[in-house]
Amino acid sequence: MIAFVSGPVAALAPDAAVVEVGGVGMAVQCTPNTLSGLRVGRQTRLATSLVVREDSLTLYGFADDDERQTFELLQTASGVGPRLAQAMLAVHAPDALRRAVSTGDEKALTAVPGIGKKGAQKLLLELKDRLGAPLGTAPAAGAQATASWREQLHEALIGLGYASREADDAVTAVTPQAEATEGVPQIGPLLKAALQTLNRTR
């Protein structure tokens, strides 16, 4: 298993980063939150989890070991694969997920794309004894994401190489889409929409 990758960031995309390790570019799937902290040319160290399938090898990257461990624990629940586990971490920090599960916060889980009411109820039952208690005093599930989606989106665009003014314009362009969303705005779809507006103006 590849526990982590360390090296300069060679490239960034909306859902992945390429990290140069010993002259080899390692493609790592990451959440928008993780990507927003990366910059092309700068050194990084990402905790990783390798998912092996018959037809693919996919490396998922995380800001720290807690995120990686949570990612792997989430997949012990039936019906949760790596993509859904990553989507859960894109919406909620590990501690926010632990808090949601420990308090039976069904609404927090349904804020994740792909999780409906029945799915959330099932996950709450299955994960209750697996994730453990919250470690710190993180904001309530979803609260931080709701308050800072603009900052996260802006930083992600800057990380992809856009100028601050271009990022500002793109955030403004997708604000109506974000405000029309029920619950927590999802950074992934907003980032794709923002990139589309930037591509049209170039």
Side-chain angles (χ1 to χ4, degrees), residues 1-5 14-17 26-37 45-149 152 156 181-192:
M1 176 180 170
I2 302 173
F4 69 89
V5 295
D15 59 357
M26 305 284 284
V28 186
Q29 299 291 310
C30 304
T31 64
N33 291 345
T34 299
L35 290 171
S36 69
R45 183 184 187 279
L46 296 174
T48 57
S49 179
L50 180 63
V51 176
V52 180
R53 296 286 185 266
E54 286 185 6
D55 58 349
S56 66
L57 294 172
T58 307
L59 199 60
Y60 290 84
F62 309 93
D64 55 39
D65 290 334
D66 187 28
E67 269 196 1
R68 179 188 61 196
Q69 185 177 19
T70 303
F71 171 79
E72 292 172 349
L73 285 172
L74 289 172
Q75 292 177 72
T76 64
S78 58
V80 178
R83 290 191 179 278
L84 183 55
Q86 189 180 47
M88 293 171 76
L89 285 167
V91 177
H92 302 297
D95 232 28
L97 279 173
R98 285 189 283 264
R99 181 174 288 102
V101 171
S102 64
T103 60
D105 189 350
E106 185 180 303
K107 188 175 180 181
L109 293 188
T110 57
V112 178
I115 299 181
K117 186 175 181 179
K118 288 185 177 179
Q121 292 171 344
K122 186 177 179 183
L123 285 172
L124 288 173
L125 286 174
E126 289 197 34
L127 294 172
K128 189 170 184 179
D129 298 324
R130 301 181 192 181
L131 289 187
L135 301 178
T137 55
Q144 186 177 25
T146 302
S148 63
W149 71 263
Q152 290 178 33
T181 304
E182 289 186 14
V184 180
Q186 307 302 313
I187 300 298
L190 290 177
L191 182 56
K192 289 180 182 178

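These numbers were taken from a predicted model, which means no experiment stands behind them.
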Closest non-hydrogen atom pair between [X] and [Y], with its separation:
X: Phe4; Y: Ala47; answer: CB-CA, 4.1 Å
X: Leu35; Y: Pro14; answer: CD1-O, 3.2 Å
X: Leu59; Y: Ala27; answer: CB-O, 3.7 Å
X: Val91; Y: Pro113; answer: CG2-CD, 4.2 Å
X: Ala77; Y: Leu127; answer: CB-CD2, 3.9 Å

Steps toward side chain to side chain contact (heavy atoms under 4.5 Å, CB included) verdict (Met88, Ile115) | CA-CA 9 Å; Met88 293 171 76; Ile115 299 181; 4.0 Å; yes
Polar side-chain atom of [X] near backbone of [Y] as donor-acceptor pair, under 3.5 Å:
X: Arg53; Y: Thr58; result: no
X: Glu67; Y: Leu89; result: no
X: Thr48; Y: Ile2; result: yes

Out of Glu72, Arg68, Gln29, which one pairs with Ser49 under the side chain to side chain donor-acceptor pair (under 3.5 Å) rule?
->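 Exactly one pass, corresponding to Glu72.
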To the nearest 0.5 Å, tell me how far [X] [atom1] sits from [Y] [atom2].
X: Glu126; Y: Thr76; atom1: CD; atom2: OG1; answer: 7.5 Å
X: Arg83; Y: Gln75; atom1: CZ; atom2: CD; answer: 11.5 Å
X: Cys30; Y: Tyr60; atom1: SG; atom2: OH; answer: 11.0 Å
X: Asp105; Y: Leu97; atom1: CG; atom2: CG; answer: 10.5 Å

Other residues, nucleotides, ligands: >12 heavy atoms within 6.0 Å of Gln69 CD =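 12 or below, so no.
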Could you tell me whether Arg130 atom CZ has more than 12 heavy atoms of other residues or ligands within 6.0 Å of it?
->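 Yes, the 6.0 Å shell around CZ holds more than 12 heavy atoms from other groups.
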Test side chain to side chain contact (heavy atoms under 4.5 Å, CB included) applied to Leu84 and Leu74, step by step | CA-CA 9 Å; Leu84 183 55; Leu74 289 172; over 6 Å; no
Would you say Asp66 and Arg98 make side-chain contact, with heavy atoms under 4.5 Å?
->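 A side-chain contact exists here, since the closest heavy-atom pair is under 4.5 Å.
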Should Gln121 and Leu124 count as side-chain neighbours, where that means a heavy-atom distance under 4.5 Å?
->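 Not in contact.
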Would you mind listing every salt bridge (Lys or Arg N to Asp or Glu O under 4.0 Å) that reaches into residues 112-122, with sequence neighbours excluded?
->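 Matches after skipping sequence neighbours: none remain.
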